[in-house]
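Reviewing the structure listed below.
These values consider heavy atoms only, across backbone and side chains, with no hydrogens, waters or symmetry-generated copies. Both ligands and their constituent atoms are indexed starting at 1 by order of listing.
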Amino acid sequence: MSSVVIVKCSGYDQDMVDKAVAEACELADMPDVSGKKILLKPNILSDSKEDRCITTHPQVLRAMIKVLRKGGAASILVGDSPGLQRPNFLPKASGIYQVCQQENVTWVDFTKNPTTHTIPYTRNKKLPLASVLEEVDMVFSLPKFKTHQLMYTTGAIKNLFGLVPNLNKSPCHVQFPTREQFASLMVGIASIVKPAFSLMDGIIGMEGPGPANGSPRQLGIILASTDALALDYTQAQIMGYDPVNVPVIAEGLRRNLGKKPTTFPALDPKDLILQDYKRIKVQEKTSFLQALIIPFIFSKQIQKKVKQQRKAPVFLSDPCIRCKKCIDICPASALTLGDKQVIIDTKACIRCYCCHEVCPASAILVDEVITS
Ligand code: SF4
Ligand code: SF4
């Protein structure tokens, strides 16, 4: 039986957030952290100003640190690794680093000496994960309530993908091109990390073309659970999805990563469903047999189907600031810098939308259907 706590919090005033986070942690039976070393994993993505609502809000991180301190945690660390992480990256734009300094907790660089792991459910895919995982007693996932162009939602499970350091992430889209395959990778990573607790910033979330180019949406809630899957299930429900249509949730249930939530000690998600929430339209699933059992035999058919289902991104000239971030992250080497705009080779493009995630200028359009 899994329970998810949803409490109200109408804004980011620190006192209000402190009270809501403390209440959520208590009602959700946060594990005993006394004497423990804890890693907090906020969603930083590409480190941007808090009003863009891409990152977990720094006040939520601060409130979580206060709860851990009160609970007697011996040591608190905070970390994440954006896809295009610069050397000595510190998340100052989002205010996350300033909170680490002010609260005297350690910011961890995930790129330093990562450890290679074999990821379950992925035909022995090997990936580096932050070595801090071996030092800490518990990992807490602190996601943001957001849509995701590729995976429909991003939550407590998907947030853990940030433990894969910097550019090691985007090539995974080549090997796991369908949503179902990519979900297996996310669930495999979560089964290694085993987050002890998850707390989601849903005070102002994101709708539309997330996780980086959607619009802020006032929701006024904080969600918490010891079961990351149950928390993601609840988020999807509030967004208006049938949660089992979200590939990470379907795969997580299939692999017993967590459970469908059955109890809600505070607010009930059925009373919070957002009928007008702008979400990504669910598309037909790739055949389980083709995608998961014999992918190499069917790789050409899978690629063809992915290209039929998903449109290639469109690059605009006016807003483009020629930063080349999209080119640097593209795992298919499908992009070049033209005279006026970025040029895409649509035949090479695998429709992973990593370019859209990192573009700081909203110069890339992804024509996935947004529904409400
Ligand atoms: S162009 Fe964009 S969507 Fe296409 S493969 Fe490159 S990063 Fe992915
Ligand atoms: S499209 Fe976006 S990411 Fe690519 S060069 Fe232009 S501004 Fe940078």
Review point. What is the distance from atom CE of Met138 to atom CG of Asp32, rounded to the nearest 0.5 Å?
Key: 6.5 Å
Review point. Is it true that Phe161 and Phe182 have ring centroids separated by less than 6.0 Å?
Key: yes
Check your understanding: Side chain, backbone, both or neither: which part of Arg322 comes within less than 4.0 Å of ligand 2 when only heavy atoms are counted?
Key -> backbone
Check your understanding: Nearest protein heavy atom to atom 6 (Fe) of ligand 1, by residue and atom, and its distance?
Key -> Cys330 SG, 2.3 Å
Study note, to complete from the structure: ligand 1 to Pro313, heavy atom cutoff 4.0 Å, flagged ligand atoms 2 (Fe), 3 (S)
Exercise for review: Measure the distance from atom 4 (Fe) of ligand 2 to every protein heavy atom, then report the residue, atom name and distance (to 0.1 Å) of the closest one.
Suggested key: Cys326 SG, 2.3 Å
Review point. Looking at Cys100 and Val78, what are the two nearest heavy atoms and their distance?
Key: SG-CB, 3.7 Å
Review point. Among protein heavy atoms, which lies nearest atom 5 (S) of ligand 1, and at what distance?
Key: Ile350 N, 3.3 Å
**Study point:** Heteroatom N/O/S of Cys320 within less than 2.8 Å of atom 6 (Fe) of ligand 2
**Key:** yes
Check your understanding: In ligand 1, which numbered atoms sit nearer than 4.0 Å to a non-hydrogen atom of Ile344?
Key -> 1 (S)
Practice item. Report the part of Ile364 (side chain from C-beta onward, or backbone N, CA, C, O) that has a heavy atom under 4.0 Å from ligand 1; answer both or neither where that applies. Key: neither
Review point. What residue and atom, counting heavy atoms only, is the protein's closest point to atom 2 (Fe) of ligand 2, and at what distance?
Key: Cys359 SG, 2.4 Å
Practice item. Assess Val358 for proximity to ligand 2: is some non-hydrogen atom of it under 4.0 Å away? Key: no
Point to revise | Option among Gln59, Arg62, Lys66 that satisfies the side-chain hydrogen bond (donor to acceptor under 3.5 Å, both in side chains) test with Asp18 | key: Lys66
**Study point:** Closest non-hydrogen atom pair between Ala334 and Cys330, with its separation
**Key:** N-SG, 3.3 Å
Study note, to complete from the structure: In Ile280, Thr147, Val248, the residue satisfying side-chain contact (heavy atoms from CB on, under 4.5 Å) with Tyr152 is Ile280
Point to revise | Protein heavy atom at shortest distance from atom 7 (S) of ligand 1 | key: Cys355 N, 3.4 Å
Practice item. Give the numbers and elements of all ligand 2 atoms closer than 4.0 Å to a heavy atom of Lys324. Key: 5 (S), 8 (Fe)
Revision key, fill the gap. What one should report as the nearest heavy-atom pair of Pro91 and Asp47 is CA-OD2, 3.3 Å
Review point. Nearest heavy-atom pair of Leu90 and Tyr97: which atoms, and what distance?
Key: CD2-CE1, 3.5 Å
Review point. So which heavy atom on Val17 is nearest to which on Val60, and how close?
Key: CG1-CA, 3.9 Å
Review point. Is the shortest side-chain N to carboxylate O distance from Lys37 to Asp137 below 4.0 Å?
Key: no
**Study point:** Residue and atom name of the nearest protein heavy atom (relative to atom 3 (S) of ligand 1), distance in Å to one decimal
**Key:** Tyr353 N, 3.2 Å
Review point. Of Cys354, Pro177, Cys352, which has the heavy atom at the shortest distance from atom 8 (Fe) of ligand 1?
Key: Cys352
Review point. Would Glu103 and Met64 satisfy side-chain contact (heavy atoms from CB on, under 4.5 Å), going step by step from the backbone distance to the final call?
Key: CA-CA 11 Å; Glu103 298 298 326; Met64 190 71 243; over 6 Å; no
Check your understanding: Against heavy atoms of Val342, which atoms of ligand 2 measure under 4.0 Å?
Key -> 4 (Fe), 5 (S)
Review point. For atom 6 (Fe) of ligand 1, does an N/O/S atom of Cys349 lie at less than 2.8 Å?
Key: no
**Study point:** Atoms of ligand 1, numbered as shown, that sit under 4.0 Å from any heavy atom of Leu335
**Key:** 1 (S)
